[in-house]
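Working notes, structure below.
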Amino acid sequence: MSDEYSIRSKKLRDLVEAGSDPYKNFYTPNTNAKEVKDKYQKIQVGEHIDTSIKVSGRLITIRDFGGSVFFHIQDHTEKIQCFLEKKQNPELLEFFKKYVDSGDIVGVEGSIFRTKKGEITIYVRSLKILAKCLHPLPEKWHGLRDVETRYRYRYLDLIMNPEVKDIFTRRSKIINFIRNFLSERGFVEVETPYLQPVPSGALAKPFKTYHNELEMNLFLRIAPELYLKRLIVGGFDRVFEIGKNFRNEGITSYHNPEFTMLELYQSYANYEDLMKLTEELLYNLCKTINGEPILKLGEKVVNFSLPLKRISIPEKVAESLGISKEELKDLKLLKEKIKGKMETDSEDWGEIVLEYFEEKIADSLDEPTFVVDFPVSTSPLAKRKSDDQDYTERFELYIFGMEVANGFSELNDPIDQRKRFEEQMKVRKTRELLEDMDWDFVKALEYGMPPTAGEGIGIDRLIMTLTGASSIKEVILFPAMKPD
RNA sequence: GGGUCAGUAGCUCAGUUGGCAGAGCGGUGGACUCUUAAUCCACAGGUCGCGGGUUCAACUCCCGCCUGACCUACCA
């Protein structure tokens, strides 16, 4: 009976015996910590406002002086100090010392004054325990730092580290903004299957599951792409979906097995239109959450001022290799030039160019930058550029060296699409990914899909860049973890 | 997948050459009516990540495993 859990449990039993319910059904505060502080900001030291405010929240720190007690409670807005003295209510002070611990959810009622040290404080007249906390909170000064504990017990993380709550509040605002932004521009938000008979729209290892009644294998989707394009075929002009994708692959500081993706499709638009849409979205998003388009994150600065920087893969690669864009197209010369700078086992011209770009140039793209002119062989679902058949109408957006968005003018030729699926089947067989392709999607294209541009934006990664998080786990409430 | 580092009280962390397991916060008891890391006195609190091994003796050295972080590799 010496550990804290037992001690607190005993207090709980004693409370019940004393006829007090330690888990109240309800309590209605009439304001919150922030509102109180704002409203009474002007009162002077020593001044006492005779009002009756009720706030509730978690009691986080206690300073006991015998005849009086200071404590802070933290609600969903912030924390506020409370003061309870013997003179006012001796029974209540006794109750507090006997039953109340840091961590408890309490409701307090009282008036307002400013202490000698200048803090706006609730002069407590009554206090109720609304929910007893049976565990001690982590240390008040250092808080909860251990990342493993923070992720496994996110509720503790949120209690102890207000900046964590800020990140997820900001995440919510960002997603809301995106929804509104797209809705205002005529995009219809839709939902497409998470359970798919054929995992499609990307090349990634899927999670497999099984439907008992249908007696069939199903896969958690790796992308919603083909379903969204079916909707374009069906006559939706502009659609988007914000949802989870699931990829059965490695976990890194910017990969989580389930992650949130925005995909949007706009018919009668091309990749240029989507770049404009994207930079407008980011510019306004940053201005809305930050007040200005330049975001300062410690030493890092992200500048979303229009227009965003744009660089061409062949230009940068040719420049880096000291050859012309025309010479770059010579596979033999290219392989000779990269010798000693980069190892590759690829024989494909486009793959080598892109590999070189990603390895030597992309990582250093800190400022938001559109990368354009992807080689055809590396972009199987994108249309070729009309003025250069070796490259496609595709872009990726990089921020802090991280790929945040990927968009292109969509292939809508069903014959070409069928051919590409057949080629993918061969590749999958050699990689022992024996799933079938989504042939019905080809059929949909055979009915005619208008010229369309589509884009995917990795929401988690976008939020990382907008909050300065260095790990994707910091922007996902419950990131994937092995059992402890 | 490969490499590096870490895991000790509820939390944050020390722990020397292999020689009794430590501190602060938190807790309990006591003093204290304007503190905010309150202060002061006393006390309690340990599966040293898990399992083997070496040794008179292991938190410490060796082997294996678990969990995490970082780097690297893979990655529409």
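All values below come from the heavy atoms of this structure, side chains included, with hydrogens, waters and symmetry mates left out. The structure displayed is predicted, hence computed values, not measured ones. To find a chain, count down the sequence lines: A is the first, B the second, and so on, and within it residues start at 1.
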Donor-acceptor pair, side chain of A:Asn32 and main chain of A:Glu35, under 3.5 angstrom: yes

Can you check nucleotides 67-71 of chain B for protein contacts, nitrogen or oxygen pairs under 3.5 Å, and list what you find?
from, atom 1, to, atom 2, distance (Å)
B:U67, OP1, A:Lys482, NZ, 3.4
B:U67, OP2, A:Lys482, NZ, 3.3
B:U67, O3', A:Arg152, NH2, 3.0
B:U67, O2', A:Glu148, OE1, 3.3
B:U67, O2', A:Glu148, OE2, 2.1
B:U67, O2', A:Arg152, NH2, 3.0
B:G68, OP1, A:Lys482, N, 2.8
B:G68, O4', A:Glu148, OE1, 3.0
B:A69, OP1, A:Lys473, NZ, 3.3

Contact check, side chains of A:Thr392 and A:Lys383, non-hydrogen atoms, under 4.5 Å: no

4.5 Å side-chain heavy-atom contact, A:Lys165 and A:His76: yes

Nearest-Å distance for atom pair CD1/P, residues A:Ile62 and B:U39: 15 Å

Given B:C32, B:U33, B:A76, the nucleotide with the shortest approach to the side chain of A:Leu381: B:A76

Distance, rounded to the nearest Å, where A:Glu249 contributes CD and B:A73 contributes C1': 14 Å

Sugar-phosphate, base or nothing in reach of A:Phe408, heavy atoms under 4.0 Å: nothing

Charged N-O contact under 4.0 Å between A:Glu474 and A:Arg150: yes

B:U33 base stacked by A:Phe65 (centroids within less than 5.5 Å, tilt under 30°): no

Ring geometry between A:Tyr123 and A:Phe83 (parallel below 30°, tilted from 30 to 60°, perpendicular above 60°): tilted

A:Arg230 to A:Tyr227, cation-pi by 6.0 Å centre distance and 45° axis angle: yes

A:Met261 CE - B:C75 C1' separation (whole Å): 13 Å

Minimum-distance nucleotide to A:Asp101 side chain [options: B:C34, B:U35, B:U28]: B:U28

P gap between B:G15 and B:A9, integer Å: 15 Å

Distance in angstrom units between A:Glu410 CD and B:A76 P, rounded: 17 Å

Touch class at under 4.0 angstrom, heavy-atom based, for A:Lys11 against every strand present: sugar-phosphate

Mate of B:C25 where both pairing distances stay under 3.5 Å, Watson-Crick or G-U: B:G10

Are there any protein N/O atoms within less than 3.5 Å of an N/O atom in nucleotides 8-15 of chain B, and if so, which ones and at what distance?
from, atom 1, to, atom 2, distance (Å)
B:C11, O2', A:Glu139, N, 3.1
B:C11, O2', A:Gly143, O, 2.9
B:U12, OP1, A:Arg145, N, 3.1
B:U12, OP1, A:Asp146, N, 3.0

Length of the CG-C1' vector between A:Asp64 and B:U36, whole Å: 14 Å

Nearest-angstrom distance, C1' atom, B:U47 to B:G24: 24 Å

Separation of the P atoms in B:G30 and B:U35, to the nearest angstrom: 24 Å

Rounded distance in Å between the C1' positions of B:A23 and B:G45: 14 Å

Length of the CG-C1' vector between A:Leu84 and B:U36, whole Å: 16 Å

Whole-Å distance separating the CG atom of A:Asn89 from the P atom of B:U33: 17 Å

Nucleotide forming a Watson-Crick or wobble pair with B:C61, both distances under 3.5 Å: B:G53

Integer-rounded Å distance: B:G2 C1' and A:Ile251 CD1: 17 Å

Sidechain-backbone polar pair: A:Glu279 side chain, A:Leu308 backbone, donor-acceptor under 3.5 Å: yes

Most 5' of A:Thr121 and A:Ser102 on RNA chain B, judged by nearest nucleotide: A:Ser102

Base-pairing assignment for B:G46 (Watson-Crick or G-U wobble, both under 3.5 Å): none

B:C70 versus B:U28 - spacing of their P atoms, nearest Å: 37 Å

Nucleotide of B:U36, B:C75, B:C34 approaching A:His255 most closely (side-chain heavy atoms): B:C75

Nucleotide forming a Watson-Crick or wobble pair with B:A69, both distances under 3.5 Å: B:U4

Base B:U36 to side chain A:Thr61, donor-acceptor N/O within 3.5 Å cut-off: no

Sidechain N-carboxylate O distance under 4.0 Å for A:Asp64, A:Lys97: yes

Whether A:Tyr153 and A:Tyr155 hold their rings parallel, tilted or perpendicular, with breakpoints at 30° and 60°: perpendicular

Nearest-Å distance once atom P is located in both B:C13 and B:U17: 23 Å

N-O pairing of A:Lys37 and A:Asp75 below 4.0 Å: no

First encountered from the 5' end of RNA chain B, between A:Gly250 and A:Gly66: A:Gly66

Salt bridge flag under 4.0 Å for residues A:Glu393 and A:Arg384: no

Separation of the C1' atoms in B:C25 and B:U36, to the nearest angstrom: 15 Å

Same-atom distance (P) from B:A21 to B:C59, integer angstrom: 8 Å

A:Gln389 (side chain) donor-acceptor with A:Lys385 (main chain) under 3.5 angstrom: yes

